[in-house]
Amino acid sequence: MSILSIFVVIPVLMLLGLWLARNINQVRGVMVAGSTCLLALSAWLTLDFISQRAAGNTAEMLYTYSTVWFAPLNIAYAVGVDGISVVMLLLSSIIVFTGTFASWKLKPLTKEFFLWFTLLSTGVYGFFISIDLFTMFMFYEVALIPMYLLIGYWGTGRKEYAAMKLTLMLMGGSALIIVGLIGIYFFNGATTMNLLEIAHAHAIPVAVQNALFPFVFIGFGVLGALFPFHTWSPIGHGCAPTSVSMLHAGVLMKLGGYGCFRIAMFLLPDAAQNLAWIFLILTTISVVYGAFSACVQTDLKFINAYSSVSHCGLVLFALLMMTKTACTGAILQMLSHGLMTALFFALIGMIYGRTHTRDIRELGGLMKIMPFLSVGYVVAGLANLGLPGFSGFIAEMTIFVGSFENADIFHRCCTVIACTSIVVTAVYILRTVGFILFGKVANPHFEELTDATWDEKFAVCCLIFCVAALGSFPLWASDVILNGVTPILQNIAAM
């Protein structure tokens with residue numbers, strides 16, 4: 001059995017431990033122990049992956065393992081990772097670890113909350129390690145289903161409506177995906193569901209690829225907040241509890257970009273070249289629309305949610321540019337945005353837990369009352385608007401430079417339009433910081449509020465460290481990512 005299977009085994013053991021836990025301290029102990037093991041495992045995997053590549057191991061996927069599940073349909077439990085999967089596993093582990101501390105005092109039904117939270121993370125890990133289409137789709141569904149209860153019960157505001165809308169739209173995307181995957185399987189000869197074997201066979205006719213590509217790309221694009229299928233995202237994030245917002249925006253939305261690249265573009269390369277321009281227009285709209293929409297919001301969570309639409313749109317935008325630099329930037333953006341948005345949602349949840357409002361018009365002067373949380377929010381904002389030294393700058397510069405490598409007018413016009421989001425992002429970030437942190441204290445009752453507790457400080461410091469470390473030392477990540485991007489682009493270029 002591959003070591004990758006441990007990424008699924010540990011969450012399953014965590015589920016068992018949570019089920020047997022009898023009090024909140026035992027629940028916390030299980031979550032801390034499990035998330036720490038996952039973080040340590042992902043860190044070791046990253047270091048070992050880098051060392052194996054440095055030693056000359058050029059295999060497309062490492063740590064592979066496959067065993068047949070259902071022979072009549074050639075379904076296998078097949079796992080393996082490349083550079084893209086490795087950094088996504090590392091991101092997932094960081095968010096699960098910090099999300100545990102961000103929800104340290106969550107009530108009511110703390111045990112039940114963490115059971116669903118852990119089940120969601122099980123699906124995420126399984127998705128990133130799978131290289132069998134059916135297994136990947138199965139874990140994808142496992143990652144989506146818990147969101148309904150996590151938002152519907154533990155959320156705030158219009159939580160029932162948000163949970164229902166999110167679930168229905170993502171299930172609609174899943175329906176498109178399964179149609180596309182079945183088509184890929186049968187038109188490839190119905191002999192394998194291993195995505196590497198399907199990609200290398202080049203057996204799917206171009207006309208069929210053109211028909212299947214929109215199903216798969218839009219299906220995953222719904223989760224990646226592709227315009228105009230993004231409407232679930234703001235209300236979903238706005239009503240979700242803190243750690244769920246962190247995991248959902250930080251990791252779950254990345255399943256969308258990962259699926260678009262790993263399945264739609266890798267397995268349907270001719271269609272990717274033929275139809276990319278259509279989706280490039282939609283992603284350009286996502287980038288600009290999300291940024292402008294964030295400017296007119298007054299709810300802190302909705303500001304960050306629309307910001308996520310813009311930044312996740314930038315991921316799909318860069319992938320469709322199909323240059324090595326742009327696609328490397330896309331994965332860096334997935335990693336960077338995952339960390340930044342998790343930090344934002346953590347801080348917003350902590351501020352809301354004290355002030356009981358997320359309306360920026362009702363907040364003000366928080367820097368005097370809760371300096372730690374306020375400084376953390378400023379750091380998150382500076383990272384989000386692309387200040388050099390933080391991860392956002394590295395990711396966005398790589399994307400725009402790589403996108404401009406396409407010499408034709410269409411691609412360069414899209415790039416210039418998308419670049420305007422940088423300025424708009426600075427507008428809504430600085431506006432929000434000015435409203436909530438500086439000036440007079442908006443509400444006299446806020447004077448009695450306390451700053452962050454130890455568990456909150458720990459979660460925030462971990463995320464700030466990761467954002468700054470990736471921004472200051474990005475070469476290791478870009479090298480690892482490029483290793484995974486290259487074979488996919490070579491497969492597309494070969495067509």
Side-chain angles (χ1 to χ4, degrees), residues 4-5 7-8 11-12 15 69-70 73 75-82 84-85 88-89 91-93 95-96 116-151 163 166-185 193-196 198-199 212-226 229-230 232-233 236 244 247-268 312 315-316 319 331 334 338:
L4 298 178
S5 298
F7 280 102
V8 176
V12 171
L15 289 171
W69 271 16
F70 188 66
L73 289 179
I75 296 173
Y77 172 75
V79 296
V81 292
D82 61 1
I84 303 172
S85 309
M88 288 298 101
L89 289 171
L91 171 65
S92 303
S93 299
I95 303 304
V96 170
W116 289 110
F117 183 80
T118 303
L119 181 61
L120 191 158
S121 64
T122 305
V124 169
Y125 286 117
F127 181 83
F128 285 133
I129 66 173
S130 298
I131 55 176
D132 177 89
L133 293 180
F134 179 85
T135 307
M136 184 177 285
F137 182 76
M138 180 193 72
F139 280 117
Y140 181 83
E141 291 301 295
V142 170
L144 296 185
I145 293 170
M147 290 299 301
Y148 179 81
L149 287 173
L150 287 168
I151 295 177
L166 179 148
T167 303
L168 289 177
M169 292 200 69
L170 296 187
M171 288 296 107
S174 297
L176 296 178
I177 292 171
I178 194 63
V179 170
L181 296 186
I182 291 173
I184 290 172
Y185 171 69
M193 283 201 176
N194 188 292
L195 64 87
L196 297 180
I198 293 173
L212 295 177
F213 185 82
F215 284 93
V216 182
F217 196 92
I218 293 175
F220 282 112
V222 171
L223 185 54
L226 174 68
F229 310 104
H230 67 284
W232 61 269
S233 178
V244 175
L247 188 60
H248 195 186
V251 179
L252 202 62
M253 291 180 73
K254 309 305 177 287
L255 270 61
Y258 184 91
C260 287
F261 195 44
R262 176 77 75 198
I263 299 178
M265 297 176 68
F266 189 36
L267 303 188
L268 306 170
C312 288
V315 171
L316 300 179
L319 293 175
I331 309 305
M334 290 167 69

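What you are looking at is a predicted structure, and each value in this text was computed from that prediction instead of being measured.
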Trainee: Flag the pair Y77 / S5 as yes when at least one side-chain heavy-atom distance between them is below 4.5 Å, and no otherwise.
Mentor: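 Yes. Closest side-chain heavy atoms under 4.5 Å.
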
Trainee: Out of curiosity, M88 CE to L255 CG, how far, rounded to the nearest 0.5 Å?
Mentor: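 CG of L255 is found 10.0 Å from CE of M88.
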
Trainee: If you take all heavy atoms of I95 and G338, which pair is closest and at what distance?
Mentor: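 Where I95 meets G338 most closely, the heavy atoms are CD1-O, 3.6 Å.
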
Trainee: What is the distance from atom CD1 of I151 to atom CG of L166, rounded to the nearest 0.5 Å?
Mentor: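 Rounded to the nearest 0.5 Å, the CD1-CG separation comes out at 5.0 Å.
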
Trainee: List the residues meeting side chain to side chain donor-acceptor pair (under 3.5 Å) with T118, not counting sequence neighbours, and say none if there are none.
Mentor: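 Applying side chain to side chain donor-acceptor pair (under 3.5 Å) to T118 gives none.
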
Trainee: If you take all heavy atoms of A264 and V216, which pair is closest and at what distance?
Mentor: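 Taking every non-hydrogen atom into account, CB-CG1, 3.7 Å.
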
Trainee: In chain order, what residues pass the side chain to side chain contact (heavy atoms under 4.5 Å, CB included) check against L168, with sequence neighbours excluded?
Mentor: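 L168 satisfies side chain to side chain contact (heavy atoms under 4.5 Å, CB included) with M164 only.
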
Trainee: Identify, with sequence neighbours excluded, every residue that meets side chain to side chain donor-acceptor pair (under 3.5 Å) alongside Y148.
Mentor: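 Applying side chain to side chain donor-acceptor pair (under 3.5 Å) to Y148 gives none.
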
Trainee: For residues V79 and F7, determine if any side-chain heavy atom of one lies less than 4.5 Å from a side-chain heavy atom of the other.
Mentor: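 The answer is no, as the side chains (C-beta and beyond) never meet within the 4.5 Å cut-off.
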
Trainee: For Y185, is the OH atom crowded, meaning more than 12 foreign heavy atoms sit under 6.0 Å from it?
Mentor: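 Counting neighbours around OH of Y185, more than 12 heavy atoms of other residues, nucleotides or ligands fall under 6.0 Å, so yes.
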
Trainee: In the structure I gave you, are the side-chain heavy atoms of F217 and L268 within less than 4.5 Å of one another anywhere?
Mentor: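 When only atoms from C-beta onward are counted, L268 and F217 do not touch, as no gap falls below 4.5 Å.
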
Trainee: Starting at CD1 of I263, measure out to CG of L133 and round the result to the nearest 0.5 Å.
Mentor: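 That separation rounds to 5.5 Å.
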
Trainee: Using residues 135-145 as the side-chain source, report each donor-acceptor pair under 3.5 Å to any protein atom, sequence neighbours left out, with the distance given to one decimal.
Mentor:
| from | atom 1 | to | atom 2 | distance (Å) |
| --- | --- | --- | --- | --- |
| T135 | OG1 | A76 | O | 2.8 |
| T135 | OG1 | D132 | OD2 | 3.2 |
| E141 | OE2 | S174 | OG | 2.6 |

Trainee: Please examine the side chains of M253 and V315, heavy atoms only from C-beta on, and report whether any two atoms are closer than 4.5 Å.
Mentor: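 No, every pair of side-chain atoms sits at 4.5 Å or beyond.
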
Trainee: With sequence neighbours excluded, give me every salt bridge (Lys or Arg N to Asp or Glu O under 4.0 Å) pair touching residues 247-263.
Mentor: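 Every salt bridge (Lys or Arg N to Asp or Glu O under 4.0 Å) pair that includes a residue of residues 247-263, provided the two are not neighbours, is D82-R262.
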
Trainee: Of all the heavy-atom pairs spanning G221 and C260, show the shortest one and how long it is.
Mentor: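 Between these two residues, the closest heavy atoms are N-SG, 3.8 Å.
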
Trainee: The criterion is ring-ring contact (aromatic ring centres under 6.0 Å, His included); which residues satisfy it with F128, sequence neighbours excluded?
Mentor: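 F128 satisfies ring-ring contact (aromatic ring centres under 6.0 Å, His included) with Y258 once adjacent residues are dropped.
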
Trainee: So which atom in V96 and which in S121 form the shortest heavy-atom distance, rounded to 0.1 Å?
Mentor: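 Here V96 and S121 meet closest at CG2-CB, 3.9 Å.
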
Trainee: Write down the atom of G126, the atom of V8, and the distance for their closest heavy-atom approach.
Mentor: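 Closest heavy-atom pair between G126 and V8: CA-CG2, 4.0 Å.
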
Trainee: Closest heavy-atom contact between L4 and I129?
Mentor: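 Result for this residue pair: O-CD1, 3.5 Å.
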
Trainee: How about F213 and M265: do any of their side-chain heavy atoms sit closer than 4.5 Å?
Mentor: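 Yes, close enough: below the 4.5 Å cut-off.
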
Trainee: Look up atom CZ in F220 and atom CG in L226, then write down how far apart they are to the nearest 0.5 Å.
Mentor: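 One gets 13.5 Å once the value is rounded to the nearest 0.5 Å.
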
Trainee: Just verifying a value: how many Å separate L267 CG and L195 CG, rounded to the nearest 0.5 Å?
Mentor: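 Here the rounded value is 5.5 Å.
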
Trainee: Working to the nearest 0.5 Å, report the span between CD1 of I177 and CG of L223.
Mentor: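 If we round to the nearest 0.5 Å, I177:CD1 and L223:CG are 8.0 Å apart.
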
